[in-house]
Each structure stands twice: as C-alpha cells, then as structure tokens.
Amino acid sequence: MDSQCVSILPRVCGVLLVSGSSLPDDTSLEKLLDWFTTIAQTGTSLLEACPCLVDFVSKVAFDYTSGSSILSFTLKLTGLIGASEDGFKVLKECSVLKLVFNPQHWQEAGLWEDPCLRIGWIQGLKMILKHSEALSFFAQADLIEPLLQLQTDSSLFVASAANQTLAQVLVLCQSPSSVGHNGSKNRDLEHNSLSMESTQNYSGIITKVSDYLNKSVVLKEISQLPGSQQILRLLAMLLVRVGPPLRDTLLLAVINSLEELVSTSCSQLTVPLLDVILAANSGLRDDCVPKQRLIRLLWVMLNMKKPVDVMQAAAAVLRSHQSDPALSAHSARVLLLPLDIVTGVSLLDENSTEEELRILITEQLKRKSCISMICLCLSNIPQITLMASDCLPCPQRLIVTAILLLLRLCCVDSSSSSAGCVEVVRFITGNSKVQKCALEALLVLSKSPGVKMVLVEVFKVLTEYLNSHSSDPSVLQKSYQAVIKWVGVCPDLSCITDQLREGFIQAVRKRACDTRWEARDSTVEFLGHLVGAPSCWAFTEQEMEPSDVLLGGRSFTVPLLKEALQDPESYVRASSISALAQTLTPSWQDGTALTQEQEDIVTQLQEVLFQDSEGFARRAAVKYFIAWFSACSSPSSCWLLMQSVPTVLSQGVADLDWEVKLHTLELAELVLDRAFSDPSPSHPYAVMSDQDHRLPIAGQQSDLLSSLKNLVDWGVVSALLCGVVDCDRPVALKACQLLLKLRGIVCPVMDNTADTRVFCQLAGASMMQQVRKIQEMGKDTCVVSEACSEADKEGICASVDPECVSVCEVLRVLDLDEKLSILTQSSDHIYNSPLSLLQDILTAAAASSPPGQDPRQELVMDCY
Amino acid sequence: MPEIKVTPLGAGQDVGRSCILVSIGGKNIMLDCGMHMGYNDDRRFPDFSYITQNGRLTDFLDCVIISHFHLDHCGALPYMSEMVGYDGPIYMTHPTKAICPILLEDFRKITVDKKGETNFFTSQMIKDCMKKVIPLNLHQTVQVDDELEIKAYYAGHVLGAAMVHIKVGSESVVYTVSVNKFALCHSGAAWIDKCRPDILISESTYATTIRDSKRCRERDFLKKVHETIERGGKVLIPVFALGRAQELCILLETFWERMNLKAPIYFSTGLTEKANHYYKLFITWTNQKIRKTFVQRNMFEFKHIKAFDRSYADNPGPMVVFATPGMLHAGQSLQIFKKWAGNDKNMVIMPGYCVQGTIGHKILNGQRKLEMEGRSTLDVKLQVEYMSFSAHADAKGIMQLIRMAEPRNMLLVHGEAAKMEFLKGKIEQEFNCYTPANGETVAVTTNPSVPVDISLNLLKREMALGGPLPDPKKPRTMHGTLIMKENLVSSEQALKELGLNEHQLRFTCRVQLQDPHSDSDTLHRIYTHLKSVLKDYTIQHLPDGTVMVESIVIKVSSSAEDANAKVLLLSWSYQDEDLGSYLSSLLKKGLPT
C-alpha cells in the first residue's frame, strides 16, 4: 500500500469523526470502503496496513453522535476488519464487536429506525461471517433473533441483505462434508470449514430458523402479504444455496405450511410459492417422499380456480425445466389454451380435464385483462419449443399458424376473422403489446421443424404489418427482424412470387419515407442486415442473395439508401451509410468496376464528413471507407478509394468527435499495414506482426522508402502525428501505437541519407510545439527547416516550409515509448487512486464551513 | 381497501439516480430511470433485480415515464431497456425525446473513454432505446392501456420537463420534477390542474433554501466574467453539451451585445449545434419572454459566440471558452485548463456538479497543487468559481404547487434526508407527508369513488327542497336508487351470487264504483264482464271470493256508509303491470248494465 496513503489515513479518520455526514460527496465513503476491501482481498491484513482503523471504529461505536452515513460506514468497516481472524480477535479484545453488533445499543440510541443504519449492521454482519470464530460470536450473542426480524424489514434493501446473510449463516452452520453438495460451494468456507463438534452447537440456530420459516410461511391475514412474499423469496433462495441434509431439514419443516398456503389460493403468492416448490423439487431424488408431495403441490397449483394463476404456474413449471414429463406436457397445454381459444386453431385435442379451465379462460378472454393473458401465453412459446416433441401437444407448425392468425386479428388493416373467441378481437386489434409478443414468438418459431412450408403465410402477414399505417415503430422493427430471421433459416425462397415481392417492395418503400424517424431507421437498418443473410434459392432455381429475391437487389436498395443520406434525422443518415457499406461490400470483394452511383456516394460521404453536424453520421462515413478498404483485395488499384483516403484521413483526424478520430486512425492502420505488406501475402487480410514488417535491409530500402512516401502522400503520417497530440486519450493512444509500429518498420532499415528524403507536414500547432521543444532541448537541431532545405536542394520538397519535417527523424525524437506508457494508463488513473480520494476528503473538509454559509454545499445536489 | 404503493429504488432521501416504482390499481409504473455519475461500476444504475428477479421487466412494468433529460433521471434508461431487457412503452415529452439521446451519447463517450470500462451501453443501444419512446404532448391524455392513463403538464425545470398525472380508475398520482416557479430564463413557469391526486410525488432538492433570485446569480456570473476579461484574463467554462451551456450562452451573448464587448467567446463542442437546433425547434416549450424575443431575434443564433479551434487556446489576450466535458476530467476542457491554470489573471467557472476524483471536484474543494499524468505537478493559480444555475424548486415553490394540485398525500423524493425533514414539517401542517428512504415502500390507502350518473329529476327534487346547490367540495347525502348497468344477468343468478332471498313485489289499487248488488253478485258481474273483454286471458272465479286474471287478484267490498258503493281491490305482480293498469282503468269506467 502507498506509504503516503498510510500517513494521511489517520487525518482522514479524524475528519470523518468530526465532519459526520456532511461530506461533500455521497460516494466518498463507499469508495473508501471499496479501497479497504481491495486491501483485504489482496491478503494483506487490514489492521496491519491501517492500524488507525480500530481506534476509529471504537470512537464511533462508543460515541454515536456521528451521522447515520458514518455509522453505517463504520458498521460495514467493522465487518470488513472482523472478516479476518486476527482482525476479529483485536475487535473482540477491545469490546467493539459486542457493542457494534448489538441492535439493542442502536435501538436505545434511537438510531435503529434509520434504514441506513440497519443496512450497515446487516452488511457488516455478513462480512464478518467468514470464519468459525465469527459464527460462535453470532451464536453466543444470539444475533439470530434480530437477523430473523429483519427478514421482513420494511426496507426492501434491508430485507434482501438480511435474506442473503441468513443464507450465509446457514451455509456456515452446515456440516463441512456437505458443503458444495448442491453446487453451493463457498470459497471462504473451504479455508474455514467447521468441525463436526462446532456444527452441533449451531443446531439451535437451525431450529430457530426452521421454526421461524414454518411460522412465517402461513398467511394469517391479508395485511401480512408482503411479509409472506418476502419469506417465500427467502425460502426459495435458501433451498438453492443450502445443501443436504440441512436442506431436507428446512424442507420438512415447512412442507406442511406450504401445503396449507397452496390451499389458500392467494393469487399474489402464486409466483413466489412456485419458485419455492420448484427450487425444492430441483435437488431431490424421484423416490423421496417430499418429492412426491412437491409434485402433488405442483398439480394442485396447475388446477387452481383462477386461470391467470394456473397459467403463471404453468409458465413457472416450464421455465424451471423440471423433469416430470406429465407436468411439462400439461403446462404446455395450459399455456397454449388462450391461443387455441382466441384463434380457433385446434392446438389441443379434446381433454375433459381441461374443459373447466377452457371455460374459465374463455370468460377471462372476453374482458380487458385478456391482453396480459395472451401475452403470458405468447412469451412462453420459446419454452414450449424447447420441449421434447413427444411432450408437445401439437406440431409446432400449428402453433405458427395460430400465431399468424392472431397477428392478423391484431392488425388494424386486416379483414381476417377468427373461428374462436370473437369478443377478444375488439381488445387485441391494434394492441402493440400483443403484436410485439406475437412477433417475438414468431421469431423463435422460425427454427422449428416443419415450419418452412408456412413461409409464404409468414411473409404475407409481415408484409401486412409493414404496410399497415397504424403499426407502431417498435412493431415495424420486430417485423423486419422476423423477415431477416425467417429468410435466414429458409434457404428456399422459390415460393415468393412476383406479386408477393411487389407487395413487400411497396411496403418497404412506404416505410422508408415514414414520418417517424424510428420507422425510417428500422427500414434502412433492415436493408443493410438483409445483405448479411445467407444465400437462398429463388423461384428461378438459382442461388441468389435474399436481398435480390425479396427486393430486386441493389437497383432498389442503393437509390433508397442514397436518398436516406439526406434524412433530417442523423440516426437515419448514419444507418443508411452503414447499410450502403453492407450493400456494396460484395461488389468491392469481387473487384467489380465502380459505377457512377458509387462515385456519387463517395462525394456525398465526403460532404457528410465535412458538413454533418452529427457524430453518428461522420463515424459511419469513416467506417464506410474502412469497410471498403478492408474488402478490396487491391486497394491501390481502386483509384477512387485511394483518392478518397487522404481526404478522409485529414478531415477525420481533425474531427470534434473523438470516436470519428479513432475510426480515422483505424483506417490509417489499414493503409499502413497494406503499404508494408508483402505484395503477394498468403492471405490478403492476414494480420501482420511487427516482425513481418521488418524486411531485409539490403535491396529493400528503396521499397520501404517508396512505401513511406506513399504513406506521406496519402496523409497517413500527418494523421498519426496529429492524433498523437490529441487531447482525447484513446485517440492519442492509438496514434502512438501506430507511430511505434511505423518506427519499428522504418527506422531500423533506413540509414541517415535515406531517411531525410521523406518529409511530411506537421499538422497543427501542438505537434509543432512538441518538435520545437525537443529541438530547443538540443536533442536535434536539424529536424525541421534544415532538413527541409536539404531536401529542397534535392528537389523533393518544393518549398521551404517550417512545418515540413523528416518522418524518420520525428519518429526518433518523439519519445513515443514514454508517451505510450502514460497513455496506456487510464486518463483518470491518478484521480481514481486511493490517495486522490483521501486528499479529496481532507480538502473538502478543510474547505467546508458551517452549513448555510457555504455556497458550495449546493454542489452535492446540483446534478448535471 | 385498495392502496397505492410507492417504492424509491433511487432518490429516496438522497439526490441522484432517480427511480421510483409506483403500484396503482394493479398497474406498475416506473418514474424516471436515472444514473449516479459518481460511480463507475454497477452502483451507477438502480438495482433492477429488486423489481423482478427473473429479469423480465416487461412482464412486470406497464410503462416507464421520464420526467426530463437530466442524466440523474434518464441515464440508466438504455441500460435498463437494452441490457437488462425491457420492451414496454417509455414515455417522455417531445423535447426530452430529442435531447435525451444527446446527453446519453455525451456521457457514453466520456465513460467509455476510460480504460477498463465495461457494462456500459453503446450508441446502438441508445438508439434502440429511443425507438421505444412514445412522445407526450402537454395536456394530452394518453391511454397506456384500457385502464391506465397519463397526462403531462409543463414543469418549467429545463426544456421539456414535465409533471405527469397518472390515473387508474379513480386513483391517481402526480409525479413532478424539481418544479420551479421562478423558472430559468429559457423555461416557463409550472402549471397544473387542481387534480386532487391521491399522492403528489415531488422532488425536494432545495427543500430548505429560499434561494437568491436568478437575476442575482446571473449578475454575479456576468460581473465575474467581465472583471476577468477587463484585466486581460481568460475565462474557461467547462460544460456538458446541453443545459447550462445554452443558458450561459444566451446570457453572455446578450451582455456582450449590450456592453459592446469585443473579446471573443468560443464554443468547443460540435454537439451543441444539435442542442441549439432543438432549443430552436421547441421554442413553444420555452417561456413567453423567450418566445417574444425570438420574434425580433433568434437568440440561439449567436453573433459573438464562435466555434473553437484548439490552437486558439494559445492566443494572447482575453477570451471566454465553453469547453466539454463539464467536470474537467478529460478532453478539451482539461487541456485548456492545464494551459491556463498557471496564470492568476485567468478564471475557471464551474457551473455544475463534479464527481469525486475529477479535477473539477478537486479545484472546487480548494486543491491548488494537482498531480497530473506523468508525475508532473500543476500549480493552480487561476481563480476558481462555482455558480449554480440549477433550476430546482425551493420550499416556497413546492408549497405553491401543493396548494395548486390539492393532493390527499404528499411524498418527497430527491433531497437530503435532513433537509427533507424540514419541508416535511411544513407540509404536515396541511397534508400527510412521507419521505421514504431507498427501498422503503409507502402504502397509501385510497378511497376509490365510483362515478355515478344522477337523474336530472332527482337533482331537481333536491333543489326544490331548498338545499344548497351541488358543490364537489361539500359532500352531502342524497337518497336514491343505484342502478348498476355493467353486466346483465338473470335474476336467479344475481340472487345466487349475492346470496339473497327472492321477494315478491305486488302493486295494489282501489277502484270505487256504484253497483246496487250484493258483493258476490258484483264479483260475478266483474267476472262475466272481463270474460267478454279479455278473451285470450285466463280468468277464474275462485271459491274464496276473488276473481283472478293471470296474476291479478280482484276482491270486492262494500262501503260502510253506502251499500251500493263498492270498493274493488286489485293486486298484481310486476310481471303483469301493464295488464293491472289496464284492468284498473277498465273497471273505473264501471260495469255494463
């Protein structure tokens, strides 16, 4: 640990004692605790590292006039110190432990009411419970009583932390041999396993917990509902974390109460109760008695009176992936019932046991609440598709048919009618919640076996949605996603007729000029994503791109995307640029000759780079050139690309947005790599290491020289030199790494005569200043003008330019290694250091004056 | 009894990371989804696992409502919707929807700049999140579903800030941001209907302060800038892309114009162009003063404020520079600060909150020697000033709002515990007031009123009795019959469901006629007469001295004074009401001779 921190810490503790809760920053105490935790985690004794902490803790504990945030902090800190056995011993010796963790102490002081203090107490206790000594202390001080009381605390945060702590206590209490049996191995306990003897001493704790759970699970009156829910959540967690035999003990203690609770059929408890039963069920052998009782309970819950409760139960059973096939099959049937009833598609065969439920659900579907029921059904379709086919109540193709009919019923513009429950239609028509859920389900079902034959129907419905004037933008987005998904899994698109395609094209065109930017953006994004979909078979029985089959290819998409480049919304402009790059990539890869259209696009993109006020669009423009350069097998032979690169580099590196600058440097890196790569590398996109770049000196110098000149001409070197002095760290870091790469390639090979033949412009004042500074330091006196005039003599540099420098010389004189080491650290690494934190607390305390007189106190609240 | 539950996951007795859950009429709503900028790990976002442990927020939440574009109110939105997973509706006003992504993008760029930053949303996620947003118009009721409706009101905090009235049936909640009656120069004053919500949830950031006037703070700011410029110094104002930057630009531009100052003012960020564009676009959302001025001159098109190039920082002479980021921890603002820090003629004005660990935080706390990268030390000689232009409500503003909305209960959030206690004391003189800590649930029992249509006749009758005119403020008892019309069921089913016994209701009527015969003869004459008139009906002359026509019973008795005057007693069930009326009128005409 930093010795400076150690020397400051006592003063900081003094400040905390005095200033109470009036620290100017509410995060300081949490960050301080983070720092102590880090020290403790490295294995260093916290007390050895910071001996003043015990004194601090004692003072706060005995004189509790500090504010609640300091008290809470102190309780947590005590827990942290006591987490190690030596720290625990020290705290015990100075009687702090007993005082700090005695709730009575805080109750008498009238502080226990503050949830901030209770959360400190519970978290401190949780931290300390890492070893047997702590557990003995816990048992002797009878802390289980207050801990149990906090399980249903009025504060959600306190109750949740209390649940976690109780689980930890029980894990500690269980026999070491059983730890980890249920996958709940506790890392700390591996080092602190308890002896059997001590385990027996904790049976009192286990009994109290069992009694408490048994007593609390039963719902006596409706006002206790929140408490009951919390207890069920606790029980579910305990049954997952605790291993046998303790787990069995707990289960046996509560199972009667659970049965009683199930019989009350309280809707609000359905989900937490199911979580408990399923958690209990998951770890049991099939032949044990509790298992049979639990399965029976599940059946009872699947046959409750209220249809929504039954459906919730069925959904939970499916989500838990439990092993009983009869339960799963029944749950699937229950969940599919609403879809069956609404659409009239017979998903389920006649089953008299479900007749009553069918009647109840039908009644429910005639009310406003039908929406949540249908959504519950649809959102569980993914679970149903995961089931074994013999458990499924019907082929998945039928489910798709039903969903398509449901989607039609929901669509405002559709004239479809249902053979099922007619009353529901008025509620679901135009309801975007149902539409989205149904489209999500349709997305999942695209992978189902045997569904490809309904592709035409799917396509028709999705086209209807895209065409509908009333479709919500988020529904449109999901419809597009569904098209991509279905096209992606159906290699045979020969069923898409001209008429279908025409309808689809019209819909897409309509959405591309929707008044809502969200719809336009999703359309443009879709055009790009469609290019990435795998090839398919078209009606001509030829292998084609889906984009060609569905939209007629680039002749349709490119003009549409070009138009979107002028969109008033920057998100749409950026998406159209990305989509254009995706659309044109295949032709770049093939080396197809450039068209006038592409030349126009380049001009437009350069305008975006120069004029667009939005970072999104400019970023996308630079990425377009990156994609082009990467896709091109021989960029140097593509005149338009190589002509554009210098403009993009010079403009991009001077952008206001650091991400534009960073992408520009990524382009520079591509150009740099290509410039020095082997003319015929084994793979055109192979990553080149620095070693690969080091060409043999003899005979290669001239090649290197010409490559370097090219880099200068393309503006790569200027961009890098500009980037390395950028005020945004990621930009400077990237530029520095690239300059080092360049230095690694060029400098070892170039001799003194050669390297003064390549010059570059120094862009910007900062770079000039740096080089001049180095000159002044006497490191080199002939880097700049002299070199230039020398070059001038040789006719390389046309005019004497004070900003013109020798590249190799600059690479040598700039201390790039030092720069890299600074930049590699985070831009705020110093300010996030513990020392900075401690200094901030001290200076803040010194600066603060009595409340009401300091205008800076508003700082705390003046958020953004 | 039904109840409304409110649980703050953030902003309960503290400031920052606003996230409040409201359960009303079976609907779950999240109010704001903010982030805490002081942390760089999971703690910066609310812990959504408290809402639902299976991570399916869409199943649980009916909607999310964002009050305004500040990051402590919307910063966690893309994390929640795209990383945790929420697919439901998100509501915010048009200007908030336009400006919110700029700030999120701005903060993302600052955050991912730091090394080792993970678990943070991307640009694409911000966009996908914004696509889920449904924009709100002021005073327009939006139906989230069949039962839940929301309505936005002007809040006057920052551009696009809104108060939201949430209603399910007869239960309602109003959530309001830091409403400021004395709103900033670009925002109009707050206004809301007298909607009498069950709970009014309000921020209480400046609960104890009766703040000095905005004009004073502006004057102070201009004076400090002017003094520095006059002595040839440079002024650096680190800002975020939006919010303060626009306010201060308007101030300086106007001041430069008035004082005919020549020193250049520069703006170093490109993002601001878009921000200014939105301020122009949403001019109708600003206050009247700005709208009026806008007619003469577009106050967002600056004459004196020019774009900055980093080489200008080395120019001699005075200048004012607005640079990002606002906390002096990276980028352009930090670079300029390093250049200018050594000169005591210069000044840096911090107009906003600075996270611990940033240079902004350090210099505001008075640190004068800063250890910079590369182990060099920077001596801070320039003047450091803090100016709060935050447009939060003070105690007075909140009290005014409460009187305006007349809530049944008040709940304070987004303020420090101790200071909230002060305001709570004031409010409790008139209303119930709650200040839950984070994670604590406040449950307020509601007394849902069932709206009923009253017949005009009943109202007229009440008025005829001379009582006062109906007044919604003064409840009074009225007698009448409540007719439920929702579902029509058979009477047998209704009786069964309600567990009631069936009672027969019979109508009776007396008819007098002159008939000089004995009672039995008169009854027989009636029987014969009815037999001839009502051919299709079942008519019986029963031995007990009655005639029955369907369910109608007819008896005859003589008057004590006059034996010829007969009194006919008719009784019938409601099923035969028409027939009964007919018979009574028929018999009134007398019997055929």
Side-chain angles (χ1 to χ4, degrees), chain A residues 24-28 30-31 115-116 154-158 160 226 368 371 379 427 433 436 473-474 477 518 521-522 571 613-616 656-659 727-730 764-766 822 825-832 836-837 839-840 843-844 846-847 855-856 858-864, chain B residues 7 14-16 37-39 43 50 59 70-72 87 109 113-116 123 127 131-132 145-147 205-206 240 243 269-270 273-274 310-311 314 329-332 334-335 352-354 356-359 361-362 364-367 371-374 386 388 390 392 416 437-441:
Chain A
D25 190 289
D26 60 344
T27 64
S28 298
E30 288 263 332
K31 286 176 181 171
C116 184
S154 62
S155 164
L156 209 60
F157 297 172
V158 175
S160 171
K368 286 173 187 173
I371 303 292
S379 58
F427 296 119
K433 197 172 176 186
K436 279 193 278 184
S474 52
Q477 192 182 22
E518 297 91 339
D521 189 72
S522 297
Y571 277 138
S613 60
E614 299 294 327
F616 310 115
L656 285 166
D657 184 324
W658 69 260
E659 281 170 311
C727 59
D728 288 305
R729 184 196 60 88
S766 306
I822 294 170
Q825 297 161 7
S826 159
S827 61
D828 59 355
H829 71 284
I830 292 176
Y831 320 127
N832 269 351
S836 163
L837 174 65
Q839 281 171 341
D840 281 354
T843 49
R856 282 176 203 167
E858 287 186 349
L859 255 180
V860 182
M861 301 162 283
D862 190 14
C863 288
Y864 204 16
Chain B
T7 313
D14 69 3
V15 178
M37 291 190 291
Y39 293 109
R43 285 172 290 187
Y50 287 108
D59 295 349
H70 281 167
L71 287 179
D72 52 341
D87 215 10
K109 283 163 69 71
D113 168 28
K114 289 176 197 159
K115 200 180 168 196
S123 234
K127 180 170 82 174
K131 281 185 176 177
K132 293 175 184 168
D145 58 35
D146 281 333
E147 291 151 318
T205 313
Y206 290 106
F240 284 99
T269 170
E273 287 172 36
K274 185 166 183 176
R310 61 189 179 198
S311 63
D314 299 315
H329 68 284
Q332 197 90 261
L334 181 59
Q335 198 175 50
Y353 169 74
C354 291
Q356 184 278 323
T358 60
I359 293 280
H361 183 266
K362 285 174 189 293
L364 275 174
N365 280 324
Q367 220 163 301
E371 202 177 316
M372 307 304 283
E373 287 138 328
Y386 173 69
S388 169
S390 185
H392 287 285
E416 282 181 73
N438 285 330
E440 282 196 313
T441 302

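Below, read A as the first sequence line, B as the second, and so on, with proteins coming before strands; counting in each chain starts at 1. Scope of the values below: all heavy atoms of this structure, side chains included, with no hydrogens, waters or symmetry mates.
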For this session: Nearest 0.5 Å please: distance from the CD1 atom of A:Ile371 over to the CD atom of B:Glu147.
Result: 10.5 Å
Problem set entry | Residues in ring pair (Phe, Tyr, Trp, His ring centres under 6.0 Å) contact with A:Phe427, at least two apart in sequence or another chain | none
Problem set entry | Interface moiety of B:Lys127 toward chain A, non-hydrogen atoms closer than 4.5 Å | both
Seminar exercise, completed: Heavy atoms of A:Lys436 and B:Asp87 approach each other most closely as NZ-O, 2.8 Å
Problem set entry | Qualifying residues under side-chain contact (heavy atoms from CB on, under 4.5 Å), relative to A:Ser379, sequence neighbours excluded | B:Arg56
For this session: May I ask you to name which of A:Cys116, A:Ser474, A:Ser154 has the most heavy-atom pairs under 4.5 Å with chain B?
Result: A:Ser154
Problem set entry | B:Glu440 vs A:Leu156 side-chain heavy atoms within contact, under 4.5 Å | no
Seminar exercise, completed: Correct closest heavy-atom pair for A:Thr843 and B:Gln367 would be OG1-OE1, 3.6 Å
Problem set entry | Contact class of B:Asn438 relative to chain A, heavy atoms under 4.5 angstrom | both
For this session: Supply the atom-to-atom distance B:Asp145 CG to A:Lys368 NZ, rounded to the nearest 0.5 angstrom.
Result: 9.0 Å
Exercise. What distance do A:Asp840 atom CG and B:Thr358 atom OG1 have between them, rounded to the nearest 0.5 Å?
Worked result: 8.0 Å
Exercise. Side-chain contact, heavy-atom cut-off 4.5 Å: A:Ser836 with B:Lys362?
Worked result: yes
Exercise. Between CG of A:Leu656 and CD of B:Gln332, what distance do you get to the nearest 0.5 Å?
Worked result: 7.5 Å
Problem set entry | Chi angles and distances behind the side-chain hydrogen bond (donor to acceptor under 3.5 Å, both in side chains) call for B:Lys131, A:Ser522 | CA-CA 9 Å; B:Lys131 281 185 176 177; A:Ser522 297; 3.1 Å; yes
Exercise. Relative to chain B, which segment of A:Glu30 carries a heavy atom at a distance below 4.5 Å: side chain, backbone, both, or neither?
Worked result: both
